[in-house]
Structures are given as C-alpha cells and as structure tokens.
Amino acid sequence: MSERVNEKKKPAPADNAAANPVAKAKAEAAMPALGFTGMLRWAWTQLTSMRTALFLLLLLAVAAVPGSLFPQRPANPSIVTQYIADHPDYGKILDSLQLYDVYSSAWFSAIYILLFISLIGCVVPRAIAHYKAMRSQPPRTPARLSRLPEYGTLVIPADAGIPASAAIADAAAKLKKRGYRVDVRDDDGARPSLGAERGFLKEVGNLVFHTSLIGVLVSVAAGGLFGYSGQRILVEGDTFVNTLVGYDQFTPGTNFQSSQLQPYSIQLDKFQITFDRESKGKFGQPIDFKADVTTRETPDAPAEKQVLKVNDPVSLGGTSIYLTGNGYAPVVTIRDGAGNVAMQGPVVAKLQGDNYYSSVVIKVPDAKPDQLGFAGFFLPTAFVTEEGVSFSGDPELINPQLTLNSYFGDLGLNAGSPQNVFELDVKKLTPLNARNLDAGGITLAPGTTYTLPDGKGTISFDGVKRYIGVDIHHNPGQLYALIFALLAVAGLVTSLYVNRRRVWVRTGTHPDGRTMVEYGLLARGEDHRLAAEAEIIRGLLTEEWGLDSRTASQTAPSGPEDNGPAESVPNGDSGDAATESRPEDFIQSTAGSSESKKDQ
C-alpha cells in the first residue's frame with residue numbers, strides 16, 4: 001500500500017521537465033560533433049600532454065626489453081638463424097613480429113617518433129609562454145597582503161624623515177640587488193606599492209631538461225643510423241686497415257655507407273702483460289695490459305707511436321678503438337703429403353681457463369691430397385699430473401706446449417656455409433691422432449716437428465706470439481648525447497633547487513607622521529624556504545631604514561585573522577596612543593581607497 005502511495009506522489013519525468021526549464025534544456029541539448037578538424041585538434045592535445053610523454057617514455061623502455069631477451073640480427077645474423085632453427089614452433093612467429101630486429105622495427109620506431117613529437121609539442125608552447133611571462137610585468141599588488149602565506153609589517157618613525165615614496169624606492173633597490181624583477185606602482189600617490197618576482201630560472205631549467213631529452217633522442221637516433229661497430233683480432237706484427245674486409249665482425253648502422261670509413265691503419269708492435277707476483281690470493285693474475293701500436297690517420301700521413309690500454313682507447317678517423325681481450329697465438333707450419341707448405345703463421349688460441357689455458361683449432365683446406373684439421377689446447381706453462389693430465393701452471397711463457405688431435409677429410413669450407421673459426425666439426429672427418437688411437441696425440445714444444453700418420457704431412461711448432469682483441473666504435477651522436485645528458489641533469493637540478501617567488505610591498509603615511517610598510521610573499525608551487533626568504537627581506541629593510549629591535553618587535557607579522565573590520569584611529573590621540581595602535585589598522589582601513597583599487 002505504501003509503495004503505491006509513493007508511486008503516486010512521484011512526479012512524472014514530463015512534469016519535471018515542464019516545471020524545471022534547466023532540466024528541459026539539458027534534455028533537449030545535443031552534443032556538437034567534433035568533426036575531422038576537431039578530432040585532429042583533440043588528438044594533438046592528447047599527444048602533446050606531459051602525461052602522454054611520460055607514458056611513451058615508459059613504453060619505450062618496455063619495448064626495448066625484447067632486444068635483450070632474443071638474439072638480434074644486426075649483431076649476429078648466424079645466431080638468429082640458428083635460434084629459428086632450434087625453435088621451429090615459434091621462431092618464425094617472433095621473426096614476423098620483428099623481435100629479432102627490435103631497434104629498427106616499425107613498432108619501436110613508431111614509439112620513438114611519437115615520443116619525439118610529444119616532447120616537442122610539450123616544450124615549444126611552454127617555451128613561448130615562459131618567454132611572454134619573462135617580458136611581462138609582475139602581478140598587480142593584492143588588496144590584502146595579509147592573506148599571503150608570509151606577511152609582515154614595519155613602522156618607520158616620523159623623525160626618520162622617510163616618506164612613503166622614498167620607502168618604496170628603498171625597498172625596490174634592495175629587492176633588485178637580491179635578484180628580483182621589480183615594478184613600482186603609484187609611486188607618487190598616497191599608497192605606493194611594488195611587485196617583484198624572481199625564480200624564472202626554475203622554468204628555464206625545466207625547459208632545458210625537456211629540450212635536452214629531445215637532444216638525447218636525436219643523438220641516439222643519429223648514432224643508430226650512421227654509426228657502426230666492429231671487432232678485430234691483431235697478432236703482434238699485424239696491421240689493421242679500416243676497410244670492410246679488414247674486420248672480423250662488422251655491425252653497420254641503418255643508413256651506413258662504406259664511404260664513411262676513413263682508411264686509417266693501426267699496427268700492433270708489442271703487447272705486454274704485468275702479472276701479480278706478490279700476493280698469495282691473486283698470484284698470477286694480470287694487473288696491467290699495455291699495447292704499443294703504430295697508427296696512421298691516412299695512408300700518406302706520418303706514422304705515430306701510441307699506447308692502447310684498458311679504458312684508454314685510441315681515437316682515429318672519428319672512431320674509438322678499445323682493448324677488450326688478449327691471449328697467445330702459437331706459430332705453426334703445416335706441410336701436406338706432397339711436402340708443400342699448406343699453412344704457415346700464428347693461430348689464435350681461445351682462452352678457456354685459468355693461467356691462459358686456451359683451445360686451439362687449425363683448419364688447412366689447401367692440404368693435398370686431403371684437407372687437414374687440428375683441435376687441441378695450448379699451455380703457456382705445461383705441467384703434467386701423475387695421471388698424465390696436462391694443465392697450465394702459470395700464465396707466463398715458461399714451458400709452452402701445444403697438444404693436438406689431427407683429422408683429415410672434407411672440412412665443409414667449399415660449401416660456402418659460415419663456420420666458427422674456433423670450432424671444428426669432426427663428424428665428417430677421419431681421425432689421425434688422438435689419445436685413444438695407436439698413433440696417440442700430438443705434443444709439441446717450440447722448435448719441434450711432428451710427422452702425421454699415413455704420409456699426410458707434418459706440423460711444426462715454430463714459436464708463440466701474443467694477440468689482442470679490439471672493439472672499434474664509430475658513433476657520430478655519442479658526444480652530443482653526452483652533452484645533452486649533462487644539460488638535462490643541470491636543468492633538472494636547477495628546476496628542483498630554484499624557487500619561483502613573488503614579493504609585494506605597500507607603504508603609506510600614518511596621521512601621526514609614521515611611515516607604515518607591509519609586505520607579503522607568495523611562492524609558485526611548494527617552497528619550504530619561503531619563510532627564510534621573508535626573514536631575509538625583513539632584515540634588509542630593517543637595516544636600510546635603521547630600525548632597532550624595539551621597533552621591529554612592535555611590528556610582528558599578522559596572519560589572516562587580521563582581515564576583519566579595521567578599527568578607526570581616533571583623531572586627536574596623543575603620541576603614545578598613536579604608537580600603541582596597530583599599523584595594520586591603518587593599512588587595512590585604507591584597503592578600499594582609490595590607490596588600492598588601482599592595484600586591483
């Protein structure tokens with residue numbers, strides 16, 4: 001029953017619309033269509049907001065993660081091919097998503113470009129607005145300064161002879177010396193005032209920070225487009241010439257052109273290592289590396305002696321050459337079954353364990369009648385255990401030894417498929433020497449020769465050289481990226497530690513001849529040092545006008561509670577009565593004067 005009664009009392013929607021014109025207008029209102037131009041304007045506003053820029057920056061960091069999870073084709077195409085072969089179920093799917101070319105993929109480039117546009121769209125309007133703000137005058141003086149977060153008053157005695165106009169001029173001079181931009185208003189009136197502002201450097205630092213981020217993005221993009229990197233192993237006496245065929249491994253940038261390579265050269269004269277021979281815990285550990293090299297900027301340039309060390313690269317032709325590795329390279333001579341020299345020279349030994357224990361692989365495709373292959377290890381200082389196991393007891397060349405197994409057959413090099421120079425596939429080869437064969441393994445000391453079984457030839461161990469591995473990097477945007485990164489840090493620090501502040505001062509003359517001064521401070525944003533700034537300004541004004549502590553104590557700052565009705569100062573008061581009256585009463589009693597209205 002009660003429900004039916006309530007339903008009868010509830011007015012119909014039509015009655016509401018008729019009774020309320022506003023509701024009727026809202027019901028009949030139709031939202032205007034944005035249109036194509038409006039939609040573009042809305043999209044541009046969303047793209048150029050700081051929130052979108054921060055989101056894109058985070059999204060760019062997330063998009064770079066697959067580059068460290070999956071092998072990248074520009075760095076090593078063979079590893080990507082092997083990865084796809086090892087994962088046939090999803091390897092090709094990842095390739096279609098460009099996860100093997102993350103940093104040059106369409107989706108990564110789209111995020112990068114959108115971030116670039118977003119930052120420009122944020123910075124340019126803010127820079128224009130800040131430029132206008134710097135050229136504009138400080139804001140007008142508020143009617144009631146006591147409403148400001150920091151407020152105070154001062155009283156200049158009548159016998160000081162400082163009128164209101166002179167007091168405002170003195171305050172303007174002090175604020176200018178403190179770095180404020182000052183604008184004096186109504187200086188010839190009864191209530192002169194000034195507005196002062198400082199801290200524009202805060203927004204400048206903010207703009208420098210965001211502009212530097214754009215610079216970093218451009219520099220990184222330039223390095224990715226026009227830079228390149230490569231690796232090369234240099235044995236003592238070898239020379240590297242900066243050409244494409246001179247690299248062991250080369251990674252070009254997206255828009256790399258071979259004409260960018262300056263034909264400089266670098267020759268490894270001698271490589272020296274200093275080992276720790278004093279401490280017990282790290283005995284035999286390398287403590288210093290030094291490579292003496294001879295460089296030429298161009299083929300016709302004079303030779304120059306330089307030293308290449310770890311973390312101390314050599315700069316040539318706009319590239320930086322870093323020392324990244326080293327080891328031993330046994331020098332061997334291999335003759336085939338016909339007695340002809342099929343291979344001669346140093347063979348790079350790959351480090352595998354302590355004390356420069358290294359693996360050695362030798363491929364001799366020119367041997368006749370069968371191709372030859374060798375695999376084993378090199379020991380700088382060979383020791384043999386009671387079980388007959390050889391190991392390296394010291395990293396120096398005290399008792400060098402080369403231990404190998406030999407094979408003959410097809411090395412597979414004629415098929416054109418890429419192979420790792422440090423690995424030998426013995427599946428299709430026939431063993432000649434090995435520990436489990438009657439012929440046994442091959443053990444060579446410097447200056448010795450071993451004759452292979454079945455008339456396959458000989459191998460001689462002629463000596464040992466050292467080698468180094470170098471990384472060569474050319475990044476045209478590297479220096480600019482560093483400069484912009486430093487500018488970004490400087491801009492960020494400036495924006496964090498510089499505060500935007502505004503100061504207003506108003507003066508007036510009391511009927512008894514005293515000059516009444518009130519001041520207020522306001523900060524743009526949070527500023528925990530605003531109170532200290534107010535105290536400094538108060539101290540400067542007190543010192544300027546020679547006010548003693550007694551006078552200052554009479555003018556304690558008042559808060560918002562003083563905004564009530566001002567009490568009138570009775571005419572004919574004695575000097576003592578006038579002194580006891582509050583200066584705020586006089587100042588606030590004239591808040592509605594013509595001079596105050598001008599400031600409003």
Please check if the side chain of Y100 supplies one atom and the backbone of G91 the other of a donor-acceptor pair under 3.5 Å. yes
Any chance the side chains of N499 and R529 put a donor and an acceptor closer than 3.5 Å? yes
Do the side chains of D425 and K363 get close enough for a salt bridge, i.e. N-O under 4.0 angstrom? no
Pair D527 + R500: basic N to acidic O under 4.0 Å: no
Quick test of your reading of the model: are K305 and D292 salt-bridged, counting only N-O distances below 4.0 Å? no
Answer yes or no: is there a donor N or O on one side and an acceptor on the other, between the side chain of S118 and the main chain of L115, under 3.5 Å? no
Are the ring centres of F377 and Y357 closer than 6.0 Å? yes
Could you check, using the six-membered ring where one of them is a Trp, whether F250 and Y228 have ring centers closer than 6.0 angstrom? yes
Is it true that S406 and N433 share a donor-acceptor pair across their side chains at a distance under 3.5 Å? yes
Verify the ring-centre separation between F461 and Y450: is it less than 6.0 angstrom? no
Side chains of S460 and T333 only: does a donor on one sit below 3.5 Å from an acceptor on the other? no
Spell out, as yes or no, whether a donor-acceptor pair under 3.5 Å connects the side chain of S392 to the backbone of D394. yes
Stepwise side chain to side chain contact (heavy atoms under 4.5 Å, CB included) check, F289 with L323: CA-CA 9 Å; F289 303 92; L323 176 62; 4.0 Å; yes
Steps toward side chain to side chain contact (heavy atoms under 4.5 Å, CB included) verdict (L217, V220): CA-CA 5 Å; L217 291 177; V220 172; 6.0 Å; no
Any ion pair linking R232 and D471 (charged N to carboxylate O, less than 4.0 Å)? no
Any chance you could measure T239, atom OG1, to L234, atom CG, to the nearest 0.5 Å? 8.0 Å
Stepwise side chain to side chain donor-acceptor pair (under 3.5 Å) test for Y247 and N242: CA-CA 8 Å; Y247 286 89; N242 190 31; 2.5 Å; yes
For side chain to side chain donor-acceptor pair (under 3.5 Å), just list the numbers for T294 and D269, CA-CA rounded to whole Å, side-chain angles, deciding distance to a tenth of an Å, and then say yes or no. CA-CA 7 Å; T294 301; D269 300 325; 2.6 Å; yes
Would S358 and Q352 count as a side chain to side chain donor-acceptor pair (under 3.5 Å) if you check the C-alpha gap in whole Å, the side-chain angles of each, and the deciding distance to 0.1 Å? CA-CA 5 Å; S358 309; Q352 297 290 349; over 6 Å; no
Report yes if the side chains of L379 and N355 come closer than 4.5 Å at any heavy-atom pair, otherwise no. no
Heavy-atom donor-acceptor pair, Q98 side chain to S96 backbone, under 3.5 Å: no
Measure from NZ or CZ of R296 to the centre of the six-membered ring of Y264 and say whether it is under 6.0 Å with the direction within 45° of the ring axis. no
In terms of the angle between their ring planes, are Y103 and F108 parallel, tilted or perpendicular, with boundaries placed at 30° and 60°? perpendicular
Has N475 got a side-chain atom pairing as donor or acceptor with G477's backbone, closer than 3.5 angstrom? yes
Run the ring-centre check on F408 versus F374 and record whether the distance is less than 6.0 Å. no
Are Y356 and Y328, when compared by the centres of their aromatic rings, separated by less than 6.0 Å? yes
Under 3.5 Å: donor-acceptor pair, side chain of Q262, backbone of E297: yes
Residues N255 and Q257: side-chain donor-acceptor under 3.5 angstrom: no
Hey, does the side chain of Q267 reach the backbone of G237 with a donor-acceptor pair shorter than 3.5 angstrom? no
